[in-house]
2 protein chains.
Amino acid sequence: MSETRKRIVTATGELFRSQGFNGTSLKQVTEHADAPTGSIYHFFPGGKEELGAAVLRESGAAYQQLFELIADEAGDIVDAMPAFFNGAADALEETDFIDICPIGNIAREVASTHEPLREASVSVFAGWTEAIQTRLAAAGLDAAEAEALANTIIAAIEGGFMLARARRSTTDLRATGTHMQQLVAAALA
Amino acid sequence: MSETRKRIVTATGELFRSQGFNGTSLKQVTEHADAPTGSIYHFFPGGKEELGAAVLRESGAAYQQLFELIADEAGDIVDAMPAFFNGAADALEETDFIDICPIGNIAREVASTHEPLREASVSVFAGWTEAIQTRLAAAGLDAAEAEALANTIIAAIEGGFMLARARRSTTDLRATGTHMQQLVAAALA
DNA sequence: GTCTATACCAAGATAGAC
DNA sequence: GTCTATCTTGGTATAGAC
């Protein structure tokens, strides 16, 4: 895959995190990626919308891998909860509260206005749900309960990002991690 | 307070729900509010940013009243949880998944780019936290635990909105309501 | 306080040379 | 595949009559 294409996707993802979809201009993308306008339309003939969908899908997959990594390190899914939320909290602090998740940041913004982006976010969320659900099921939960709990965990972390970025504090996000740990432990008991 | 000002704020709130802050133009506001451009700048000399902050504060207060109402009807805070989440889910379905909460929709979008809007969202969230915290404390939780749990509940509902709007399904949002009910019940036990 | 017209700029997208 | 120049549209904001 082209280096230029990679630079464009990476730069767009970074801009999306702090400015959202509508707040990011293709001119900014060309500057940050050090790539000309023509290259954007060469790799993404559908323009901004197609580029945005690619950013969601590719960074969504990267976050899923990150979750798998943290979950593997934590050993079991109960201990993975605080590890996951605290890791996210650390990342937020280190980046001065720039959003660390471009998917969640974009999903609500465009859900009613850009159908291809909504669909891209749905497929990313489906992957995340499955990753968490699989581990919950492996720990003993039946499939339906595991899916529902996985979705609550995703909702909690995305909503937690919202509060943390607004307040510029990760205190609540960390506390939410322990609440999710309680919820998982109770479900498995 | 002027009728025109009210129409402007209401129309902007509605547009924010489906399109976000950057996705909503002042031209659309003039059309939906049936008010001229001059009136926007008369009531909000600071332009779009000042109008946006007013929308966040005023609709944030309205949602807080709605929560109080639902909590009063439910009787106790444990039963208020599913009532609250299911009510939100019903509203989402009735509006064809237009966002029912302009605050959460805007908060992440502008947290790093529009300081006055970030501050407005913080003060709205503070009111919500306090409303839930007060009821949790009245039910027997100590202040710190009540505050942390209140924030998790807010995170869960806002993240739940995100998933529900993206997926165009309220199944997960309702399930998250029962998870929050479990969490509250366990904390009070 | 309300309205119309408009200034001014930045947006997304395209054309066509290289 | 890359780049520059440019088209067209739409954005926010302002001016000034009423």
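Order of the sequence lines fixes the chain letters, A, B, ..., with proteins taken first and strands second; residue numbering starts at 1 for each chain. Worth saying up front: this structure is predicted, and the values here are computed from it rather than measured.
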To the nearest Å, how far apart are [X] [atom1] and [N] [atom2]?
X: A:Ile40; N: C:dT14; atom1: CD1; atom2: P; result: 13 Å
X: A:Glu3; N: D:dT2; atom1: CD; atom2: P; result: 11 Å
X: B:Ile8; N: C:dG1; atom1: CD1; atom2: P; result: 12 Å
X: A:Asp34; N: D:dT2; atom1: CG; atom2: C1'; result: 12 Å
X: A:His42; N: D:dT4; atom1: NE2; atom2: P; result: 17 Å

Row check, A:Phe21 ring normal vs A:Lys48 NZ/CZ: under 6.0 Å, within 45°: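 Yes, A:Lys48 sits over the ring of A:Phe21.
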B:Glu93-B:Thr170 side chain donor-acceptor pair, cut-off 3.5 Å: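 Checked: B:Glu93/B:Thr170 side chains pair up, N/O donor to acceptor below 3.5 Å.
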Pair B:Arg167, A:Thr129: side-chain N/O donor-acceptor within cut-off below 3.5 Å: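 On atom types as modelled, these side chains qualify, holding a pair under 3.5 Å.
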Side-chain heavy atoms of B:Arg108 within contact of A:Cys101, under 4.5 Å: yes
Sugar-phosphate only, base, or nothing, as touched by B:Phe43 at under 4.0 Å among non-hydrogen atoms: sugar-phosphate
Side-chain N or O of B:Thr4 closer than 4.0 Å to phosphate OP1/OP2 of C:dT2: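 It does, given that an N or O in the side chain of B:Thr4 lies less than 4.0 Å from OP1 or OP2 of C:dT2.
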Over all atoms of both residues, closest heavy-atom pair of A:Val29 and A:Leu51: CG1-CD2, 4.5 Å
Steps toward side chain to side chain donor-acceptor pair (under 3.5 Å) verdict (A:Asn22, A:Glu109): CA-CA 8 Å; A:Asn22 289 309; A:Glu109 185 185 358; 3.2 Å; yes
Under 4.0 Å protein heavy-atom contact, by nucleotide of nucleotides 5-13 of chain C - B base, S sugar-phosphate only: ------SSB
